[in-house]
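Working notes, structure below.
The structure displayed is predicted, hence computed values, not measured ones. Chain letters run A, B, ... following the sequence lines, proteins first and then strands; every chain starts at 1.
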Amino acid sequence: MAGYDPKEIERKWQRVWAEEKTWEVANPGKPGFDDSKPKSYVLEMLPYPSGEPHVGHLKCYSVGDAIAHFRRRNGFQVIHPMGYDSFGLPAENNAIKTGEPPRVATERSIASFQRQFREWGISIDWSRELATHTPEYYRWTQWIFLRLFEQGLAYRAEAPVQWCPKDATVLANEQVVDGRCERCGTEVVQRKLEQWFFRITDYAERLLADFELLENWPEHVITMQRNWIGRSEGAEVTFRCEEVGLDFPVFTTRPDTLFGATFFVLAPEHPELERLVAGTPAEAAVREYVDRAARESAEERGAEDREKTGVPLGRSVVNPVNGEEIPMFVADYVLMEYGTGAIMAVPAHDERDHEFARAFDLPVRRVIEGEDPDVARDEQGLPYPGDGPMVGSGRFDGKGNREAYAEIVAWLNEERRGEAAVNYRLRDWLVSRQRYWGAPIPVVYCDACGEEGAPAIVPVPDEQLPVELPEVEDYAPQGRSPLAAAEDWVATECPRCGGPARRETDTMDTFVDSSWYFIRYLDPRNAEAAWDASAAAHWLPVDQYIGGVEHAILHLMYARFFTKALADCGVLGVQEPFANLFAQGMITRDGAKMSKSRGNTVSPAEYVERYGADTARTYICFMGPPERDADWVDEGVEGVNRFLSRLWRLCEEVEAGEEGDDPLATPEGDVRTLLAKAHWAIDKATRDFQRGFQFNTVIAAVMELVNEAYRLKDGLYGEPGGTAAVRFAAATAASLVFPFAPHLGAEIWERLRGGRVWEEPWPQADSQLLSSETVTLVVQVNGKLRDRIEADAEAGKDELLALARRSEKVSRFLDGKEVVKEIVVPGKLVNLVVR
RNA sequence: GCCCGGGUGGCGAAAUUGGCAAAAGCGGCGCCCUUAAAAGGCGCUGCCCCACUGGGGGGCUUGCGGGUUCGAAUCCCGCCCCGGGCACCA
């Protein structure tokens, strides 16, 4: 007999799927569209094609494919596309190092991903394949940019931005981790530059509120986004500096502590600083302080345990609630990016203000009493951030601070000195990059159309898209985009006046490309529009999205923002792109994250070569719950390979043996036992599939079924209905394991049953065979297990009690004791409580 | 500091959601097949104690300490440890 030869089987079925285009689905209204089935959009995050696929990819697509197969066999028309997020820094950095154009390295990597996806047997609709670096794709990325521009959602502004000196580019806030460039680890510096932004902050409220619309997202991902958006409720209150006649609004979450404000602080970047101190004795000191702050990195400024520093301005503002004049300072613990860049300082009830007050010997005035009566009134126990009755707050004294909060805000409103306000930590999304390998931003600058020396920003008309990325020689950025060197390309004609104009030379952040790809899949060859409205209406939203948690904030929030913005532009009918999200865990080796430098990487290709794709995929799904991190162990791979081989040999054995007689109408004995096990496995697999994709226990159930078949088969051959039962067990195992090991599943099914397993509906458990006539009754005395007794499944309470008391093992513990309580759970357990 | 996860045999894990703790896998031990090995098949395998020719019996056990309950890995209260996110955000 030929042993299990995954190579041959896998090649065979991969050819079938490719030739028959098995996984392609048509759009509504197109030939081949099946309107009898409900749709299901199963999507894994598209890979960034750099080098070869790694095990993280194998996991993501194995999990997604199992879901896609399961849905198909449950009667859904599943759309399951694939593409490549093929613009971005790594290809460009490689180009700078080796001189190889980014396109060449990227397309080589794409070819490698394509080959391996086929070798893994992932059920992809290849007719919908796309790559974000192709003009056919980025043309529409540019088109979306123009729509956002029209809506005022894309704008150009000078702003302090995070600049990475190594990569010589600006970064999005999200790409700065602990003050360092996410990619290269270099400390970022602040620069003031003209940049393009998307107004994601306009959507902060909806991004929060619409968590409601999601069906099932991991709680921690929602929490991370919520933290990132960072909504705070409070009030904006205006403090006036009479000496220079300026109003300074501040944002505070604690308007109830307004009477405790004893000083006022501006951020070093505050635009009015200059006017406040120009020509005053404080000018020199303030300027020096501001310059020093500007030189410091965000990391240095944000360091923990940093001493509070600052400089008095020699000016004061008036507290609107009590008319008190309080001194002004500049200090770097106040951030320009948040709120208004200025704060009222309440040292008695805010830790940071308290530290500053101590450092500068400023008054600390308690306005809320603490809980501890001993320290309630004096300066001990300060700063006190909690609740309590108000003191030193005029007519609000004695009221609870929560109550006073509302009244103070109402009063500010009446007096027009402030109003309720909400602030967000979220900043607008900086999307321009001074880099080559990205989609060009489709605008030109025209001096003739401009005013007062400033050129006009003229959008490139839709019909002139795409603005193609020109070929260049030198990819290294020199503080301006490498595109600036392509002078023939930069010099263009103004679409508005026809005069000479210059192209924008920045490209878009790659997160822009990946913020809408899931829509393009629905109509990827459309040359007239980004997508056909009816296709989008039919398939969206994505029913199940699968990917790593590392995208919990960036990609997932940007895609949510895009969806809402496109809906507002009237070109999309959904508010949320991904109804269900599954965040897969990481695969480690030797307990550590894989890295080339550590030398603990796992190459999927190597394992696929040695054991076959079915083994590699099934192992990955068997390692543990897929949402959790899991450690790759070679012996575990072999264990799964042993299991698949065992199933294979079982198939060969039944195939070679007698056809056997027909299945019995009322199976008995071991025939029934094996059939019951098969139906138990069907039931278990189906439930675990639905319950959060617990593939590890699904596979364990199939293993149990195969083990049971091995235990019983030799006694069953020749029995009435015996061979048929073994055959049923093997075919059922193949059918259940198909979503993980599609080649083996398809092959065994074809041999034992004929036809295509993926066209078979998912098996249904026979409830007759799920229940048995007898059950194991657990007998406890005082909650401790004392005996197990076979009992009639239908037996009543009294019968079970009698049975339990009759047991010798039980009665031993009842001797000389009084039974004070009897608990009977029919079909399960008897517990006798004795004294 | 705040917010999420998580802690169960030698290892990664199960436990139908309050009812037999440890399924399936790995590792380990033993047996069968074999001239031999590999492959394969079968069995045992949480810890401790008593008994042992053979069969057996008892206690303990889900990070720690309490509680609720006839009964807790599961629910409640208080701690400890590990991982992740946010953090000078007013």
Hey, which of these two, A:Leu829 or A:Lys809, hits RNA chain B nearer its 5' end, going by closest nucleotide?
A:Leu829
Any side-chain N or O of A:Thr697 less than 4.0 Å from the OP1 or OP2 oxygen of B:rA13?
no
Given A:Glu652 and A:Arg649, is the salt bridge (Lys or Arg N to Asp or Glu O under 4.0 Å) satisfied, shown in steps?
CA-CA 5 Å; A:Glu652 284 194 319; A:Arg649 286 195 308 274; over 6 Å; no
Taking a pair to mean Watson-Crick or G-U wobble geometry with both distances below 3.5 Å, B:rG9 pairs with none
Separation of the P atoms in B:rG19 and B:rG12, to the nearest angstrom:
26 Å
Atom CH2 of A:Trp228 to atom C1' of B:rC2: distance rounded to whole Å?
16 Å
Among B:rA24, B:rA14, B:rA90, the one nearest any side-chain atom of A:Leu335 is B:rA90
Does A:Arg617 count as lying over the ring of A:Phe740, i.e. NZ or CZ under 6.0 Å from the six-ring centre, within 45 degrees of the axis?
no
Need one value for A:Lys713: base, sugar-phosphate or nothing, where a base atom within 4.0 Å counts as base even if backbone is also close, heavy atoms only.
nothing
Per atom distances to the A:Arg691 side chain, the nearest of B:rU17, B:rC86, B:rC26 is B:rU17
Pairing partner (Watson-Crick or G-U wobble, both distances under 3.5 angstrom) of B:rG27
B:rU45
How many whole angstroms separate atom NE2 of A:His220 from atom P of B:rG6?
10 Å
Among B:rG58, B:rC70, B:rA15, which nucleotide sits nearest the side chain of A:Phe813?
B:rG58
Whole-angstrom distance between B:rA38 and B:rC33, as gauged at atom P:
15 Å
Does the ring-ring contact (aromatic ring centres under 6.0 Å, His included) test come out yes or no for A:Phe360 and A:Phe356, once each step is laid out?
CA-CA 6 Å; A:Phe360 288 79; A:Phe356 191 87; 4.4 Å; yes
Given B:rG41, is OP1 or OP2 found less than 4.0 Å from the side-chain N or O atoms of A:Arg646?
yes
Would A:Arg425 count as a cation-pi partner of A:Tyr338, with NZ or CZ less than 6.0 Å from the six-membered ring centre and within 45° of the ring normal?
no
Syn or anti: how is B:rU17 classified when any glycosidic angle within 90° of 0 counts as syn?
syn
In sequence, state the C-alpha distance, the side-chain angles, and the governing distance for A:Val698 and A:Leu736, and then conclude on side-chain contact (heavy atoms from CB on, under 4.5 Å).
CA-CA 8 Å; A:Val698 173; A:Leu736 295 177; 5.7 Å; no
Quick check with a 6.0 Å cut-off and a 45 degree axis cone: is A:Lys713 positioned over the face of A:Tyr710's six-membered ring?
yes
Return the nearest nucleotide to the side chain of A:Arg649; candidates are B:rG41, B:rC4, B:rC86.
B:rG41
Rounded to whole Å, the CZ-C1' distance (A:Phe643 to B:rG25) equals 11 Å
Counter-base of B:rC86, judged by Watson-Crick or G-U geometry with both distances under 3.5 Å
B:rG1
From C-beta outward on A:Tyr710, which listed nucleotide comes closest to its side chain: B:rG41, B:rA24, B:rG57?
B:rG41
Could you classify B:rG9 for me, syn or anti, using a glycosidic angle within 90° of 0 as syn?
syn
Between A:Lys684 (NZ) and B:rU16 (P), how many Å, whole number?
8 Å
If I pick the P atom on B:rG78 and the same atom on B:rG85, what distance separates them, to the nearest angstrom?
27 Å
Hey, does A:Val265 reach any base, or is it just sugar-phosphate, or nothing, if we go heavy atoms under 4.0 Å?
nothing
Can you check whether A:Arg628 has a side-chain N or O nearer than 4.0 Å to OP1 or OP2 of B:rG84?
no
Suppose we define a pair by two distances each less than 3.5 Å, Watson-Crick or G-U wobble; what does B:rG40 pair with here?
B:rC32
B:rA15, OP1 or OP2 - any side-chain N/O from A:Gln694 closer than 4.0 Å?
yes
Would you measure the distance from the P atom in B:rG59 across to the matching atom in B:rA21 and give it in whole Å?
13 Å
Taking the side chain of A:Thr223 as its heavy atoms from C-beta onward, which of B:rG25, B:rC4, B:rA15 lies nearest to it?
B:rC4
Looking only at side-chain atoms of A:Pro625, point me to the closest of B:rA14, B:rC88, B:rG19.
B:rA14
State which of B:rA90, B:rG43, B:rG40 makes the closest approach to the side chain of A:Thr253.
B:rA90
Taking for each residue the nucleotide of RNA chain B bearing the nearest heavy atom, is the 5' side occupied by A:Arg711 or by A:Asn707?
A:Asn707
Starting at atom CG of A:Asp629, determine the distance to atom P of B:rG83, rounded to an integer number of angstrom.
12 Å
How many whole angstroms separate atom CE of A:Met224 from atom P of B:rC4?
14 Å
Could you walk me through whether A:Arg805 and A:Glu822 satisfy the salt bridge (Lys or Arg N to Asp or Glu O under 4.0 Å) test, starting with their C-alpha distance in whole Å, then the side-chain angles of each, then the deciding distance to 0.1 Å, before giving a yes or no?
CA-CA 11 Å; A:Arg805 283 171 178 277; A:Glu822 295 164 330; 2.6 Å; yes
B:rG58, OP1 or OP2 - any side-chain N/O from A:Arg812 closer than 4.0 Å?
yes
Verify the contact: side-chain N or O of A:Arg226 to OP1 or OP2 of B:rC4, cut-off strictly under 4.0 Å; return yes or no.
no
Counting side-chain heavy atoms from C-beta on, which of B:rA14, B:rU16, B:rC88 comes nearest to A:Asn696?
B:rA14
B:rG18 P sits how many Å from A:Leu785 CG, rounded?
21 Å
Complement of B:rU62, any strand, by Watson-Crick or G-U distances under 3.5 angstrom:
none
Which part of the nucleic acid, if any, lies within contact of A:Met623, taking any heavy atom under 4.0 Å across all strands shown: a base, the sugar-phosphate backbone alone, or nothing?
sugar-phosphate
Heavy atoms only, 4.0 Å cut-off, all strands: where does A:Gly624 land among base, sugar-phosphate and nothing?
nothing
Any strand: nucleotide that pairs with B:rA73 via Watson-Crick or wobble, under 3.5 Å
none
What do you reckon, is CD of A:Glu550 surrounded by more than 12 foreign heavy atoms closer than 6.0 Å?
yes
Give the nucleotide from the list B:rG19, B:rC88, B:rA14 with an atom nearest to the side chain of A:Lys308.
B:rC88
Please evaluate the base of B:rC70 for a donor-acceptor partner in the side chain of A:Asn831 within a cut-off of under 3.5 Å?
yes
Does A:Lys821 put a side-chain nitrogen or oxygen below 4.0 Å from OP1 or OP2 of B:rG71?
no
Please report the C-alpha distance between A:Asp256 and A:Arg254 in whole Å, then the side-chain angles of each, then the deciding distance to 0.1 Å, and finally whether the salt bridge (Lys or Arg N to Asp or Glu O under 4.0 Å) criterion is met.
CA-CA 5 Å; A:Asp256 51 325; A:Arg254 295 295 305 273; 3.0 Å; yes
Considering only atom C1', compute the distance from B:rA72 to B:rU53 and round it to an integer number of Å.
43 Å
Within this structure, what is the CZ-to-C1' distance between A:Arg254 and B:rA90, rounded to whole angstrom?
11 Å
